[in-house]
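Quick caveat: nothing in here was measured; it's all calculated off a predicted structure.
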Amino acid sequence: MKKIVCFAMGLVVSLTTFAQEKVETTICGDVVSSYIWRGQDLGDVSLQPTLGIGYKGLSLTAWGSVGLSDPSDTKEFDLTLGYTIGGFNIGITDYWFNGGLDPENRYFKYDAHGTNHVFEANVGYDFGPASLQWYTNFAGNDGMNNDGKRAYSSYVELAVPFKLATVDWTATAGAVPFATDFYGTDGFAVTNLALKATKEIKVSESFSVPVFGQVIANPCSQKAYLVIGFTLQP
């Protein structure tokens, strides 16, 4: 699943804070030791490619994940339509997973009660020193709440970037505000506390590889993870 910047866990497409003057294309891929998304363990060693196009703040991004060490790991293909102006951003994501309500894993099955797609809307603002994002599932294979009804599963995340000892760091805190089995919560719960460090390793005069490490804890599930990875991009 995704973020709007190119890094290991999740979404990886680059959106500018101001309107773009020309069409821009993003091609990159992450290799990660574990696929951890919003504090949830979705797989072991994984390859996560991204292909995106953007124009004047509008972007369309394809992102995927496939396990390299365990054939049973989650396979995922996501499409995100987003718009950014200044620090404000909105978007809609269509997540598709190879497991769910449709045992045949058909991509083009969109039945209300039989699809493996999850549709999510997001809105957020980058204040500079910190950014805040809110995500809500509004259709597809969403979770259920404690009453057995559609949960409209939501997730809110605060991210604070900073620089320390020539390394780029990001501290993240994420929480699920309502009960949903989509995130495995019975009510409000902190599900993602993370600290990520990224540094570019120079390979030649014209080529470098961003390498990152991340410590992630999920207080709700009482689990913690250490992830390392690198990004390949032209």
Side-chain angles (χ1 to χ4, degrees), residues 1-13 26-52 61-80 93-109 114-120 135 137 140-144 153 155 157 170 172 174 176 180-185 189-198 201 209-233:
M1 304 209 169
K2 305 180 215 355
K3 293 243 173 203
I4 319 180
V5 211
C6 195
F7 60 173
M9 319 299 292
L11 212 244
V12 200
V13 89
T26 298
I27 305 173
C28 65
D30 290 338
V31 177
V32 294
S33 59
S34 298
Y35 177 18
I36 312 298
W37 180 72
R38 299 178 184 175
Q40 298 183 92
D41 185 354
L42 299 186
D44 294 327
V45 180
S46 299
L47 173 64
Q48 299 175 335
T50 295
L51 176 62
T61 306
W63 184 93
S65 182
V66 60
L68 297 179
S69 60
D70 186 348
S72 66
D73 277 348
T74 300
K75 293 181 177 64
E76 183 178 345
F77 176 43
D78 307 334
L79 293 172
T80 298
T93 297
D94 171 7
Y95 298 100
W96 178 85
F97 304 92
N98 66 320
L101 298 176
D102 177 18
E104 297 182 20
N105 296 320
R106 289 169 291 181
Y107 182 84
F108 293 103
K109 184 177 181 181
T115 184
N116 288 352
H117 290 264
V118 179
F119 298 92
E120 177 190 79
Y135 306 87
N137 296 344
N141 186 18
D142 188 18
M144 299 293 179
S153 307
Y155 173 80
E157 183 175 276
T170 303
T172 301
V176 176
T180 171
D181 58 13
F182 188 83
Y183 291 106
T185 63
V190 176
T191 60
N192 184 25
L193 296 176
L195 183 63
K196 179 182 179 182
T198 303
I201 305 300
V209 176
V211 177
F212 50 84
Q214 193 171 24
V215 176
I216 306 165
N218 184 333
C220 179
S221 66
Q222 297 291 296
K223 294 183 178 180
Y225 311 93
L226 178 61
V227 176
I228 192 167
F230 60 90
T231 300
L232 297 175
Q233 56 188 359

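- The closest donor-acceptor contact from the side chain of D181 to the backbone of M144 lies under 3.5 Å.
- To the nearest 0.5 Å, the span separating OG1 on T172 from CD on Q214 amounts to 6.5 Å.
- With rounding to the nearest 0.5 angstrom, the CH2 atom of W96 is 10.5 Å from the CZ atom of F108.
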**Message:** With side-chain contact (heavy atoms from CB on, under 4.5 Å) as the criterion, how do I216 and V227 come out once you've worked through the C-alpha distance, each side chain's angles and the decisive distance to 0.1 Å?
**Reply:** CA-CA 8 Å; I216 306 165; V227 176; 4.1 Å; yes

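- Residue N218 holds its CG atom at 8.5 Å from NZ of K223, rounded to the nearest 0.5 Å.
- Annotation: the span from Y35 atom OH to T74 atom OG1 amounts to 7.5 Å, rounded to 0.5 Å.
- The two residues L79 and A62 come nearest to each other via the heavy atoms CD2-CB, 3.8 Å.
- Once rounded to the nearest 0.5 Å, the distance linking CD of E76 with CG of L42 reads 7.0 Å.
- A donor-acceptor distance shorter than 3.5 angstrom exists from the side chain of D142 to the backbone of S153, with no hydrogens or angles considered.
- Of all heavy-atom pairs between D41 and G43, the closest is OD1-N, 3.1 Å.
- Here the CH2-OH distance, from W37 to Y183, works out to 4.0 Å after rounding to the nearest 0.5 Å.
- T93 places none of its side-chain heavy atoms less than 4.5 Å from the side chain of Y135.
- Screening N105, N98, D102 against N116 for a side-chain hydrogen bond (donor to acceptor under 3.5 Å, both in side chains) leaves a single residue, N105.
- The backbone N or O of Q48 sits nowhere less than 3.5 Å from a side-chain atom of S65 that would complete a donor-acceptor pair.
- Minimum heavy-atom separation, D94 to H117: OD1-ND1, 2.7 Å.
- The two residues P219 and L193 come nearest to each other via the heavy atoms CG-CD1, 3.8 Å.
- Minimum heavy-atom separation, D44 to S69: CB-OG, 3.4 Å.
- Checked options D30, V32, V209; the residue passing with T231 is D30 (criterion: side chain to side chain contact (heavy atoms under 4.5 Å, CB included)).
- Of the possible donor and acceptor atoms, none in the side chain of T191 sits under 3.5 Å from a partner among the backbone N and O of C220.
- Summarising the geometry of N141 relative to G100, their closest heavy-atom pair is ND2-CA, 3.9 Å, with the distance given to 0.1 Å.
- For E120 and Y155, the side-chain atoms include no donor-acceptor pair closer than 3.5 Å.
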